[in-house]
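Heads up, the thing below is written out as structure tokens.
No hydrogens, no waters, no symmetry mates; every other heavy atom, side chains included, goes into these values. Order of the sequence lines fixes the chain letters, A, B, ..., with proteins taken first and strands second; residue numbering starts at 1 for each chain.
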There are 2 protein chains.
Amino acid sequence: MLREERYNYIVNEVKIRNRVLLTDIARKLNVSEDTIRRDLNHLDEQGKIKKVHGGAISSSFHLYSYREDQIYAHEHKSTIATKAVKLLHENCVVLMSGGTTNLELARLIPDNISLTVFTPSLPVAMQLIAHPLVETIFIGGRLSKDAQIALGGDAIRTLSHLKADILFMGTGNLDLESGLTEFDWEVVQLKKAMMESAKKTVVLTISEKINSSQRFKICATSEVHTLITELETSHTLLAPFREKGLELM
Amino acid sequence: MLREERYNYIVNEVKIRNRVLLTDIARKLNVSEDTIRRDLNHLDEQGKIKKVHGGAISSSFHLYSYREDQIYAHEHKSTIATKAVKLLHENCVVLMSGGTTNLELARLIPDNISLTVFTPSLPVAMQLIAHPLVETIFIGGRLSKDAQIALGGDAIRTLSHLKADILFMGTGNLDLESGLTEFDWEVVQLKKAMMESAKKTVVLTISEKINSSQRFKICATSEVHTLITELETSHTLLAPFREKGLELM
DNA sequence: GCAAATTTTGTAAAATCGTGCAACTTCCCT
DNA sequence: AGGGAAGTTGCACGATTTTACAAAATTTGC
């Protein structure tokens with residue numbers, strides 16, 4: 001791996017995630033932490049990123065793009081994404097919502113699989129165009145500053161012309177009775193439209209979000225086909241969902 | 001194996017993979033590493049590739065270049081963007097194409113100005129959502145992996161419903177007779193559509209791109225309203241454009 | 001204020017680079 | 001055809017760069 005490739009990788013990661021850990025990059029790229037440290041220092045001098053204790057952040061880092069859950073439960077999200085990758089097969093048409101779990105999924109798509117992916121999420125799209133074989137179609141619209149996804153009529157209209165094989169739906173709260181819920185009304189509208197545009201809905205969520213609910217409802221629990229969490233499928237927390245007919249992973 | 005054949009092989013390999021290792025090529029072509037090193041140096045001088053420690057990367061990916069001319073070019077782009085900012089006024093509707101000059105412009109928009117910006121460029125959009133008052137609308141479509149912008153029918157269709165006050169058109173080659181030209185046919189289609197969706201077209205370009213042309217034509221010189229370069233408006237290079245009726249900055 | 005994590009500094013090994021040079025090929029001129 | 005000039009290639013060797021490891025200094029979180 002050339003040094004320039006590492007630079008490339010790091011700048012891209014920072015751009016997408018706003019934040020990277022030094023140890024994570026070192027492990028991912030199979031080089032020593034010292035090397036990454038030198039890289040970060042160099043990229044900082046170039047002004048491409050801002051180096052901080054323990055890693056780096058975007059040099060144009062703003063509070064608006066900072067979200068608490070972006071740094072939370074990364075291990076779990078990675079586990080979930082690994083499971084979700086198994087549902088992909090050659091040449092299928094995929095729809096992906098936003099959120100860090102989907103971002104992780106986008107990152108873990110194997111290099112040799114060919115897909116068409118639709119997404120309204122800016123970070124997910126950035127990640128996808130780095131993949132050699134994935135054709136990425138961005139669902140345009142008014143961009144939400146904090147969620148970094150396209151919302152509103154344009155996005156929903158685009159979705160209405162589309163039928164994907166599978167939808168990966170990122171974070172949201174899932175409760176047996178309340179169903180799938182969200183805090184933001186516009187996001188609810190978008191996610192509803194996404195569900196209608198896909199043959200099959202896969203919900204990716206960390207177990208914390210299970211048995212909790214938010215203000216607005218996206219759909220009933222039974223409308224979800226598959227549920228992926230970081231837990232074993234045999235975990236008692238998940239039993240009620242299996243009874244409802246959901247496939248678990 | 002002739003030298004020109006090696007050149008071809010190397011340039012092609014770089015184009016396809018975005019990177020090559022010196023040792024790999026030497027082994028593959030059955031010549032000494034020194035020879036390949038000489039080849040890489042030569043191709044770098046020609047600007048065909050960018051040589052780095054241990055191999056080479058694509059020169060169009062000059063994100064992390066130390067070469068002075070490109071640092072200069074960045075200075076120029078910054079100068080251009082600074083001038084372009086002056087054309088913005090409160091609550092106007094802006095259309096921005098891709099390219100690093102536009103990205104710089106997005107970065108330099110003052111924090112206290114309120115705008116609506118439409119763009120098909122992923123990096124520009126990422127930059128814009130960091131701005132507190134700019135409402136950003138992403139023009140969706142199939143994403144080009146190298147230009148990182150949305151292309152194709154979807155994007156053009158979206159544009160047809162839009163009328164912006166001003167269009168900032170990034171890099172392209174400008175020649176008095178050939179007009180505004182581009183290398184990529186699909187980009188030409190998009191830029192044409194963008195021009196039709198704006199009352200006024202402002203071309204942002206470094207002086208190097210003036211009096212040169214590419215394969216495909218976007219429009220005639222006279223269809224451009226304003227031309228912004230890093231040069232003084234009195235520069236002789238620009239005189240013919242003023243005579244054509246273009247406003248200079 | 002302490003323990004853990006991170007950074008800095010120094011060092012040594014490995015990889016890569018630049019240069020000079022000799023052997024070889026190609027081209028050009030007679 | 002032959003001879004010489006010019007260019008190309010592979011090798012040797014010292015210089016430079018890059019990398020990993022280790023120990024000391026610093027920062028962070030509790």
Side-chain angles (χ1 to χ4, degrees), chain A residues 1-14 17-59 61 63 66-78, chain B residues 1-14 17-59 61-71:
Chain A
M1 155 119 4
L2 294 172
R3 189 179 43 166
E4 265 63 23
E5 291 182 83
R6 292 198 311 271
Y7 289 170
N8 221 331
Y9 175 86
I10 294 169
V11 172
N12 196 44
E13 283 292 299
V14 169
R17 321 187 104 81
N18 284 329
R19 159 189 189 278
V20 293
L21 297 183
L22 192 146
T23 49
D24 278 355
I25 307 175
R27 191 141 27 87
K28 183 85 184 177
L29 301 183
N30 270 318
V31 289
S32 78
E33 300 195 355
D34 302 79
T35 301
I36 299 301
R37 208 184 311 286
R38 273 185 294 261
D39 291 348
L40 294 182
N41 284 330
H42 177 254
L43 289 170
D44 188 319
E45 282 169 25
Q46 298 278 313
K48 300 290 180 192
I49 62 172
K50 180 157 181 225
K51 185 174 180 337
V52 295
H53 195 96
I57 58 177
S58 165
S59 51
F61 191 69
L63 282 178
Y66 182 86
R67 297 192 320 171
E68 189 74 19
D69 62 351
Q70 285 192 341
I71 51 175
Y72 207 58
H74 183 266
E75 291 292 320
H76 290 170
K77 288 173 178 180
S78 190
Chain B
M1 158 91 46
L2 298 173
R3 188 175 47 165
E4 298 303 324
E5 291 183 85
R6 291 199 311 272
Y7 287 172
N8 273 335
Y9 175 84
I10 294 170
V11 171
N12 193 45
E13 205 68 7
V14 168
R17 302 189 201 293
N18 274 328
R19 68 138 226 207
V20 291
L21 299 184
L22 192 146
T23 49
D24 279 356
I25 308 175
R27 192 140 25 87
K28 189 93 178 173
L29 302 185
N30 270 317
V31 288
S32 77
E33 300 196 353
D34 303 79
T35 302
I36 299 300
R37 207 187 312 285
R38 275 185 283 254
D39 289 350
L40 294 183
N41 283 330
H42 177 253
L43 290 170
D44 184 292
E45 282 169 25
Q46 300 277 313
K48 305 278 188 191
I49 62 172
K50 173 155 162 45
K51 184 173 181 339
V52 296
H53 195 95
I57 59 175
S58 165
S59 59
F61 233 53
H62 42 59
L63 223 58
Y64 320 113
S65 169
Y66 320 103
R67 284 170 53 180
E68 289 193 11
D69 58 337
Q70 277 159 7
I71 294 170

Can you check the Leu40(A) CG to dT8(C) P distance for me, whole Å?
-> 11 Å
Should Tyr7(B) and Gln46(B) count as side-chain neighbours, where that means a heavy-atom distance under 4.5 Å?
-> no
For Asp34(B) and dC21(C), what is the distance between atoms CG and P respectively, to the nearest whole Å?
-> 16 Å
Could you list the residues that satisfy side-chain hydrogen bond (donor to acceptor under 3.5 Å, both in side chains) with Arg6(B), not counting sequence neighbours?
-> Asp39(B)
When rounded to whole Å, the CD to C1' distance for the pair Glu33(B) and dT19(C) reads 16 Å
Please list, in 5' to 3' order, the outermost nucleotides of DNA chain D lying under 4.0 Å from any heavy atom of chain A.
-> dT18(D) to dT28(D)
Excluding sequence neighbours, so at least two apart, what forms salt bridge (charged side-chain N to carboxylate O under 4.0 Å, His left out) with Arg38(B)?
-> none
Rounded to the Å, how far apart are Arg3(A) CZ and dC17(C) P?
-> 10 Å
What are the two closest heavy atoms between Leu40(B) and Ile49(B), and how far apart are they?
-> CD2-CD1, 3.6 Å
List the atom pairs, donor and acceptor, that lie under 3.5 Å between side-chain atoms in residues 19-26 of chain B and the rest of the protein, sequence neighbours left out.
residue: Arg19(B); atom: NH1; partner: Glu5(A); partner atom: OE1; Å: 2.9
residue: Arg19(B); atom: NH1; partner: Glu5(A); partner atom: OE2; Å: 2.5

Nucleotide dT8(C), atom P - distance to NE2 of His42(A) in whole Å = 16 Å
Toward the 5' end of DNA chain C, by each residue's nearest nucleotide, Arg38(B) or Gly55(B) = Gly55(B)
Quick one: Leu2(A) CG to dT16(C) C1', roughly how many Å, whole number?
-> 12 Å
From NZ (Lys50(A)) to CD1 (Ile57(A)), nearest 0.5 Å = 5.0 Å
Exceeds 12 heavy-atom contacts within 6.0 angstrom, atom NZ of Lys51(A) = yes
Measure the NE2-CD1 distance between His42(A) and Ile10(A) for me, rounded to the nearest 0.5 Å.
-> 11.0 Å
Between atom CD1 of Ile36(B) and atom NZ of Lys28(B), what is the distance when rounded to the nearest 0.5 Å?
-> 12.5 Å
Mind running a 4.0 Å heavy-atom check of residues 19-31 of chain B against DNA chain D and sending the residues that fall below it, in number order?
-> Val31(B)
Between the first and last five pairs of the helix from dG1(C)-dC30(D) to dT30(C)-dA1(D), the angle of the axes, rounded to 10 degrees | 50°
Pick the nucleotide of DNA chain D nearest each of Asp39(A) and His53(A); which residue has the one closer to the 5' end?
-> Asp39(A)
Output yes when at least one side-chain N/O atom of Asn41(B) is less than 4.0 Å from OP1 or OP2 of dG18(C), else no.
-> yes
